[in-house]
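To start, the structure itself, in structure tokens.
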Amino acid sequence: MEIRNVMVVGAGQMGSGIAQVCAQAGYQVFLHDKNEQALEKGMQHIERLLEKAVQKERISPADKDETLQRLTAAKQVDAAASCDVVIEAVVENMEVKTKVFQELARITPAHTILASNTSSLPITEIAAVTNRPEKVIGMHFMNPVPVMQLVEIIKGLQTSDETFETIKKMADTLGKTSVEVNDFPGFVANRVLMPLINEAIYAVYEGVASVEDVDTVMKLGMNHPMGPLTLADFIGLDTCLSIMEVMHDGLGDSKYRPCPLLRKYVSAGWLGKKSGRGFYQYE
Ligand code: NAD
């Protein structure tokens with residue numbers, strides 16, 4: 001199947017990054033968010049990143065202009081009707097995602113592949129609310145999308161081989177390396193990463209060491225490019241909490257219980273970099 005038009009639903013940090021790489025790869029892209037301010041912010045973020053890339057001579061000014069021409073801010077989700085692939089990147093919440101998928105299945109033609117950028121939620125369950133589970137798939141990009149190489153491609157129970165092959169090829173055209181993953185809570189990336197982040201939060205919660213010192217241990221002691229608490233702030237603490245909850249519920253093992261300090265920060269609205277405050281404070 002040839003892919004020409006792509007819609008990305010959710011213009012937050014992930015959705016805007018996905019829209020950017022799709023437009024840079026030559027697809028016609030609609031970026032949609034139900035929140036107009038978020039949509040505007042997402043579009044501005046893309047423009048800023050492209051401008052930076054021009055300044056660093058990674059792309060030409062013409063590349064930037066052509067990329068922006070291929071990108072449309074869609075206030076209404078109805079623009080999905082002309083799309084061959086829709087990639088959903090709304091908040092990590094099953095109720096919200098299933099509503100979005102029900103609507104997308106209603107709006108889009110039968111050939112449209114519906115992909116989710118979920119970090120941890122079951123693709124099989126998301127697919128089950130649509131009229132075409134064979135065309136529903138997980139396409140899990142890493143943050144920040146324009147920089148990170150990996151895409152986990154997750155096959156739900158009923159995802160067809162044809163859908164998998166189409167999405168794998170699409171990931172190739174985006175310049176990404178993909179891995180095939182089966183549908184289990186947290187997939188691979190977050191099943192391994194999130195318990196590490198959660199344990200780092202426990203170390204702070206139990207007074208083992210300060211936020212800065214926990215990060216220093218992992219950076220200088222383990223050669224991680226950034227500490228786990230900085231990384232948690234970048235991912236979003238609400239997203240981290242949702243992923244831990246999905247793994248705790250789905251795998252039923254107490255080792256996945258979210259740290260109470262993580263819950264406390266999220267209930268205070270300290271969501272990390274995107275809200276200006278998490279384990280660290282941001283401008
Ligand atoms: P975010 O909070 O930055 O953005 C989410 C956006 O979705 C918001 O702009 C919000 O207005 C919009 N939204 C919410 N409900 C909507 C709806 N019904 N229709 C349209 N838009 C809607 O979140 P994010 O960090 O970009 O995460 C998005 C998804 O990507 C989540 O499923 C998350 O688990 C996943 N993900 C996140 C990361 C990360 O590092 N943050 C990495 C990989 C995957």
Side-chain angles (χ1 to χ4, degrees), residues 7-21 30-46 73-80 86-107 114-123 125-126 129 138-154 171 176 178-179 181 185-194 197 226 228-247 266 269-276 278 282:
M7 173 176 268
V8 180
V9 181
Q13 45 182 352
M14 294 305 290
S16 61
I18 297 167
Q20 179 186 331
V21 295
F30 296 94
L31 178 60
H32 166 71
D33 200 292
K34 66 165 192 183
N35 177 331
E36 275 190 35
Q37 260 180 326
L39 180 57
E40 208 172 296
K41 203 171 143 199
M43 293 293 287
Q44 285 168 356
H45 185 64
I46 296 172
K75 286 187 186 161
Q76 307 299 329
V77 71
D78 299 21
V86 181
I87 305 171
E88 165 278 315
V90 306
V91 283
E92 188 75 348
N93 175 301
M94 194 52 149
E95 217 180 304
V96 179
K97 286 201 196 281
T98 47
K99 274 201 190 125
V100 169
F101 271 76
Q102 276 166 339
E103 190 171 25
L104 289 172
R106 192 171 47 73
I107 297 169
L114 304 177
S116 175
N117 181 52
T118 177
S119 305
S120 60
L121 294 165
I123 298 302
E125 204 177 318
I126 294 174
V129 304
M139 198 175 187
H140 181 210
F141 291 83
M142 305 292 132
N143 187 12
V145 182
V147 176
M148 301 299 279
Q149 267 293 305
L150 181 75
V151 178
E152 281 185 310
I153 303 182
I154 303 106
K176 303 294 181 195
S178 55
V179 291
V181 178
F187 315 130
V188 174
N190 283 312
R191 183 151 176 184
V192 177
L193 173 67
M194 276 306 150
I197 287 177
M226 73 174 66
L229 300 166
T230 304
L231 181 56
D233 273 0
F234 279 18
I235 293 170
L237 301 187
D238 51 341
T239 302
C240 293
L241 178 58
S242 299
I243 297 169
M244 286 310 293
E245 281 171 338
V246 167
M247 293 198 299
V266 172
W270 293 6
L271 306 182
K273 194 160 184 272
K274 64 183 169 187
S275 73
Y282 303 86

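Ligands are counted one by one from 1 in listed order, and the atoms in each one are counted from 1 as well.
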Side chain to side chain donor-acceptor pair (under 3.5 Å) partners of Gln76, counting only residues at least two apart
none
Could you tell me which atoms of ligand 1, counted from 1 in the order shown, lie closer than 4.0 angstrom to a heavy atom of [X]?
{"X": "Asn143", "value": "39 (C), 40 (O), 41 (N)"}
{"X": "Thr239", "value": "33 (C), 34 (O)"}
{"X": "Val9", "value": "20 (C)"}
{"X": "Asn35", "value": "11 (O)"}

Please confirm whether the backbone N or O of Met148 pairs with a side-chain atom of Lys176, one donor and one acceptor, at under 3.5 Å?
yes
Main-chain N/O of Phe234 paired to Gln13 side chain as donor or acceptor, under 3.5 Å:
yes
Taking [atom] as the point of reference, which of [options] owns the nearest heavy atom?
{"atom": "atom 21 (N) of ligand 1", "options": "His32, His140, Lys34", "result": "Lys34"}
{"atom": "atom 5 (C) of ligand 1", "options": "Ala89, Ala38, Gly10", "result": "Ala89"}
{"atom": "atom 37 (C) of ligand 1", "options": "Glu95, Lys99, Met14", "result": "Met14"}

Is there side-chain contact between [X] and [Y], with at least one heavy-atom pair below 4.5 Å?
{"X": "Ile235", "Y": "Met194", "result": "yes"}
{"X": "Val179", "Y": "Ile153", "result": "no"}
{"X": "Val77", "Y": "Met7", "result": "yes"}
{"X": "Met142", "Y": "Val147", "result": "no"}

May I ask you to identify the nearest protein heavy atom to [atom], giving residue, atom name and distance to one decimal place in Å?
{"atom": "atom 41 (N) of ligand 1", "value": "Ile235 O, 2.8 Å"}
{"atom": "atom 32 (O) of ligand 1", "value": "Glu92 OE1, 2.5 Å"}
{"atom": "atom 6 (C) of ligand 1", "value": "Asp33 OD2, 3.7 Å"}
{"atom": "atom 18 (N) of ligand 1", "value": "Val100 CG2, 3.5 Å"}
{"atom": "atom 31 (C) of ligand 1", "value": "Val90 O, 3.2 Å"}
{"atom": "atom 4 (O) of ligand 1", "value": "Gly12 CA, 3.3 Å"}
{"atom": "atom 3 (O) of ligand 1", "value": "Gln13 N, 3.1 Å"}

What distance separates [X] [atom1] from [Y] [atom2], expressed to the nearest 0.5 Å?
{"X": "Leu104", "Y": "Lys97", "atom1": "CG", "atom2": "NZ", "answer": "11.5 Å"}
{"X": "Asn190", "Y": "Ile243", "atom1": "CG", "atom2": "CD1", "answer": "4.0 Å"}
{"X": "Glu245", "Y": "Asn93", "atom1": "CD", "atom2": "CG", "answer": "10.0 Å"}

Would you call Lys274-Asp238 a salt bridge at under 4.0 Å N-O?
yes
What verdict does the side-chain contact (heavy atoms from CB on, under 4.5 Å) test give for Leu121 and Ser116, after you've listed the backbone C-alpha separation in whole Å, the side-chain angles of each residue and the deciding distance to 0.1 Å?
CA-CA 9 Å; Leu121 294 165; Ser116 175; over 6 Å; no
Ligand 1 versus [X], non-hydrogen atoms closer than 4.0 Å: side chain, backbone, both, neither?
{"X": "Phe234", "result": "neither"}
{"X": "Leu121", "result": "neither"}
{"X": "Ser119", "result": "both"}
{"X": "Val96", "result": "side chain"}
{"X": "Asn117", "result": "both"}
{"X": "Ile243", "result": "neither"}
{"X": "Lys274", "result": "side chain"}

Looking at ligand 1, does any of its N/O atoms fall within less than 3.5 Å of an N/O of [X]?
{"X": "Asp238", "value": "no"}
{"X": "Glu88", "value": "no"}
{"X": "Lys97", "value": "yes"}

Looking at every non-hydrogen atom in both residues, tell me the closest pair between Gly272 and Tyr282 and how far apart they are.
C-CE1, 4.1 Å
